[in-house]
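Excluded from the calculations below are hydrogen atoms, water molecules and symmetry mates; all remaining heavy atoms, backbone and side chain alike, are included. As the structure lists them, so they are numbered: ligands from 1, and atoms in each ligand from 1. Note that the coordinates shown come from a computational prediction; the quantities given were computed from them, not determined experimentally.
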Amino acid sequence: MVNTLVTPVPSLGELELGLAKLRNTLRPGQRELANWLDGPLAVSAVPGAGKSHGMAIGAVMTLAQSQLHRQKQLVIVTFTRSATANIKSRIRQHLANLGLPRYGFSVQTLHGLALNIAASNIRHGLDLSQATLITDVQKSRILRRCAQEWQQDHPRAWQILLDGQATEYEETELIRRRTALLSEVLPKLAQTSIAAAKSSNLSPADLANLAAGHPDAYPILEIAADLYGRYQTHLSARGLIDYDEMILAALRVLADPESRRHWQTQVYGVFEDEAQDSTPLQTELLKILATDPLNPHLVNLVRVGDPNQAINSTFTPADPIFFAQFCQACADQSRFFTMNQAGRSSQIIIDAANYLVAWTNGTQVAGPELPFQPQKIELVSPDDPQPDANPAATGRGLEIYAPRDVIHTVALIGERVGQLLTENPQANAAVLVRENKQGRFVTDVLAQPEKFGLNTNLAGLGITVYDTGSEARRSHVPAELLNMLLFLHRPHSPGYFKAALDIFTARQLIRRQDWNALVSQPELFLFPSPIDPGPHPDEQAAQQLCQALLQARLNLALYPLIAYVANVLQYDPTELATADKLISQLAQQAGGQQTWTRISPIWQEIVSEEKFDAVELGDPDSNLIRPRQLTIMTMHKAKGLDWDYVFLPFLHDTVIPGNPWVPGSLKFLGHANLEEVARAQIRSAVHQRPIPDINGAWEHANHLKAAEAYRLLYVAMTRAKRLLWMSAAINGPFSWASFNWHQSYKFDPKKPCPALDALRKQFPQSQMSITY
Ligand SMILES: Nc1ncnc2c1ncn2[C@@H]1O[C@H](COP(=O)(O)OP(=O)(O)OP(=O)(O)O)[C@@H](O)[C@H]1O
């Protein structure tokens with residue numbers, strides 16, 4: 001075999017010394033990772049215990065000892081792109097310090113890995129020259145189509161759904177109900193059940209069999225199976241694939257003996273971080289990949305995770321019980337380790353996190369199943385290798401506020417951040433929110449201190465406010481503009497019309513409302529005759545926007561029209577720059593032909609294959625934690641990261657645990673949300689439990705959501721090193737979805753998340769008084 005290690009390596013003695021030094025910096029559970037040679041290994045540890053740190057060093061030890069190279073690699077799998085960047089840079093740094101070559105390993109997200117495997121074998125996997133990844137726009141169009149087809153083929157079941165619990169309704173209500181079912185309820189039912197079924201390796205026929213074995217008052221699972229079958233037919237007819245398909249395709253490739261041998265020979269072993277969030281199918285993929293081709297009983301798989309940080313189980317069939325099963329199997333071979341000590345946070349933050357676990361488990365706020373494993377985070381011992389472990393608290397360490405309203409909340413955050421980051425310019429801070437819209441609100445209010453009556457101007461103090469949601473918004477520019485142009489070219493299509501209205505709503509140009517009745521007859525709204533009744537005042541803004549754009553379409557050539565739409569959508573400067581970049585790319589690829597027929601397929605391809613990079617202000621993943629910066633991001637994305645000061649605003653009971661409310665306009669069979677019912681039923685089947693009926697499934701779904709919301713709060717709280725700032729304003733918007741702070745708004749009294757009340761009682765010294 002050719003030795004590809006061409007970089008000069010340090011002498012054996014130097015290397016041994018370097019490795020020994022590194023090993024000495026490790027805690028007990030981390031040492032097990034560093035000592036790993038082969039076989040399965042599981043480490044379950046509390047937040048901040050040093051899982052990722054230990055895994056990175058474990059990888060370095062393996063690389064140093066096993067002399068891996070490009071044809072024999074250690075594969076490290078993480079959940080998010082930011083975690084990938086983080087671990088990669090840690091490993092590279094250690095390798096550089098040891099004078100070792102920086103190859104022999106790869107760090108990938110699970111999806112990235114699956115795509116590589118799937119694309120490596122055209123016969124069994126994916127031919128990426130033939131198949132393209134489906135976009136959100138294409139997906140929603142296909143799902144709506146499936147819903148229509150189902151409606152035509154199942155008139156009786158359709159009628160029951162259409163009538164719901166209503167006894168009588170008028171023509172306009174009939175139209176509204178029809179549109180709501182065909183454009184929202186059924187497509188969502190399809191989308192959720194397909195994802196749940198596919199990622200558990202259930203085919204449409206499997207789902208149909210499940211449904212047949214479980215006759216219900218209304219055949220939700222049967223409908224889901226039918227929609228799933230139709231969706232698959234449309235996908236293959238169009239040469240499209242979706243994410244779950246990619247994992248299945250990768251598994252198909254690995255089922256082929258030759259391909260499996262090829263991959264297994266290239267892979268020395270697999271390390272997986274955040275293992276509590278993997279689905280059974282993903283785990284299966286990693287197990288096959290980690291198997292020694294010469295000894296099929298040897299699975300070189302190292303998995304680290306924390307069941308209490310499982311925050312993906314209501315989106316996917318991921319469930320911490322699968323990681324728990326792996327841990328048990330490892331424990332039977334004495335290959336399971338736990339780490340309870342963590343050095344990240346000050347004592348009071350750890351106490352608060354531990355209290356949240358005990359309180360949530362003790363109160364049954366999330367149903368009879370315990371949301372958390374009853375584990376406690378402990379402080380590290382005095383001889384711990386981590387410098388400044390369990391640092392001294394800033395301020396009270398845990399501070400809980402009840403601001404007047406949500407704007408006052410941002411004002412308080414601005415003041416505190418201004419003061420802290422001015423006093424400690426090397427420190428960093430984050431505001432973690434439940435949904436992107438809240439992050440955008442915080443960013444907007446902080447950016448316009450005068451308009452919103454704030455005393456602090458962070459930009460004036462030289463403090464950067466970095467909203468990660470703005471990166472996501474920029475990357476949506478091509479798809480968003482494409483949707484608008486599709487509408488302008490086919491305004492009579494209810495689907496395109498609805499998509500355009502949704503974009504206006506998301507960009508806060510119009511108020512959120514139920515558009516279903518309106519989109520079923522676009523011509524009446526867009527091109528009314530003088531005798532038609534005028535639009536409802538709430539609809540006027542939407543009508544004016546649409547008419548202005550349609551007029552522009554008549555007057556402008558394609559590229560100026562795109563620029564005009566970008567202006568109407570009130571893009572910020574980087575979004576506008578992104579739109580300009582898109583126009584240049586379209587112009588280049590279309591070779592001077594500025595017609596819609598020429599441009600539209602090129603544009604669709606750019607969007608579907610993500611062949612376009614938004615204008616970035618640097619590498620988004622390395623921008624998350626910086627001195628003198630306030631990062632604004634969702635709690636979900638913050639997993640695995642930490643900051644000196646963490647702000648958790650808007651902790652209302654409607655946010656955590658959230659309420660299982662279904663808007664009246666989307667209620668068809670009782671109070672339940674059909675997609676949630678289907679998801680809970682599929683989940684029970686996958687976990688080999690009896691499938692609950694509609695009411696039971698709805699109740700179960702709500703318990704699962706509540707449990708996950710509390711785990712999300714736990715993840716968010718444990719990101720803080722020195723100060724954890726929490727608040728629930730006394731007044732806030734009725735719903736964040738309909739809140740538009742650019743127009744007139746009013747606030748309603750809000751109830752805090754029950755856990756926040758409990759923390760206030762438990763830590764009275766952390767209850768902060770505010771002078772209004
Ligand atoms: N042995 C160690 N020596 C020095 N620093 C350490 C050590 N172990 C962990 N740390 C530091 O402690 C912090 C938390 O570690 P890490 O992010 O690896 O924890 P984690 O268990 O992966 O956390 P989470 O579960 O919250 O993602 C990091 O800043 C890390 O650099």
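- Shortest contact from atom 20 (P) of ligand 1 to any protein heavy atom: Lys51 N, 3.4 Å.
- Residue Gly50 holds the heavy atom nearest to atom 15 (O) of ligand 1 of all those in Pro385, Ala638, Pro47, Gly50.
- By the 4.0 Å heavy-atom criterion, Asp642 is counted among the residues contacting ligand 1.
- An N or O contact shorter than 3.5 Å links Ala49 to ligand 1 by distance.
- Those atoms of ligand 1 with a heavy atom of Arg90 less than 4.0 angstrom away are 17 (O), 18 (O).
- For ligand 1, the polar-atom distance check against Pro387 finds no nitrogen or oxygen pair separated by under 3.5 Å.
- Using a 4.0 Å cut-off between a side-chain N of Lys or Arg and a carboxylate O of Asp or Glu, Arg722 and Asp642 do not qualify as a salt bridge.
- Aromatic ring centroids of Trp725 and Tyr645 lie 6.0 Å or more apart.
- Here Met55 has no heavy atoms under 4.0 Å from ligand 1, in either its backbone or its side chain.
- Using a 4.0 Å heavy-atom cutoff, Thr25 is listed among the residues neighbouring ligand 1.
- Ion pairing of Glu284 with Lys287 is absent here, as no side-chain N (NZ or NE/NH1/NH2) approaches a carboxylate O to less than 4.0 Å.
- More than 12 non-hydrogen atoms from other residues, nucleotides or ligands lie less than 6.0 angstrom from CD of Gln419.
- Using a 4.5 Å heavy-atom threshold, the side chains of Lys376 and Val357 count as separate.
- Counting non-hydrogen atoms of neighbouring residues, nucleotides and ligands closer than 6.0 angstrom, the CD atom of Gln765 exceeds 12 such neighbours.
- Under the 4.0 Å criterion applied to side-chain N and carboxylate O atoms, Asp273 and Arg303 are not assigned as salt-bridge partners.
- Under the 4.0 angstrom criterion for non-hydrogen atoms, Gly343 is not in contact with ligand 1.
- Remark: minimum distance from atom 30 (C) of ligand 1 to any protein heavy atom is reached at His53 ND1, 4.1 Å.
- Atom 17 (O) of ligand 1 has as its closest protein heavy atom Arg344 NH2, 3.3 Å.
- Atom CD of Gln438 sits about 6.0 Å away from atom CZ of Phe650, to the nearest 0.5 Å.
- Residue Gly640 approaches ligand 1 through these ligand atoms, each under 4.0 Å from one of its heavy atoms: 27 (O).
- Checking only distances, Gln30 does come within under 3.5 Å of ligand 1, N or O to N or O.
- No side-chain N or O of Thr634 forms a donor-acceptor pair with one of Glu435 less than 3.5 Å apart.
- Of the heavy atoms in Gln386, both backbone and side-chain atoms come closer than 4.0 Å to ligand 1.
- Not a single heavy atom of Lys721 sits less than 4.0 Å from an atom of ligand 1.
- Residue contacts with ligand 1 for Arg719 involve side-chain atoms from C-beta outward but no N, CA, C or O (heavy atoms, distance under 4.0 Å).
- Side-chain N/O atoms of Arg440 and Asn436 include no donor and acceptor closer than 3.5 Å.
- Look at Asp384 and Arg27 and you find a salt bridge, because one of the NZ, NE, NH1 or NH2 atoms lies within 4.0 Å of a carboxylate O, short of that distance.
- Residue contacts with ligand 1 for Gln309 involve side-chain atoms from C-beta outward but no N, CA, C or O (heavy atoms, distance under 4.0 Å).
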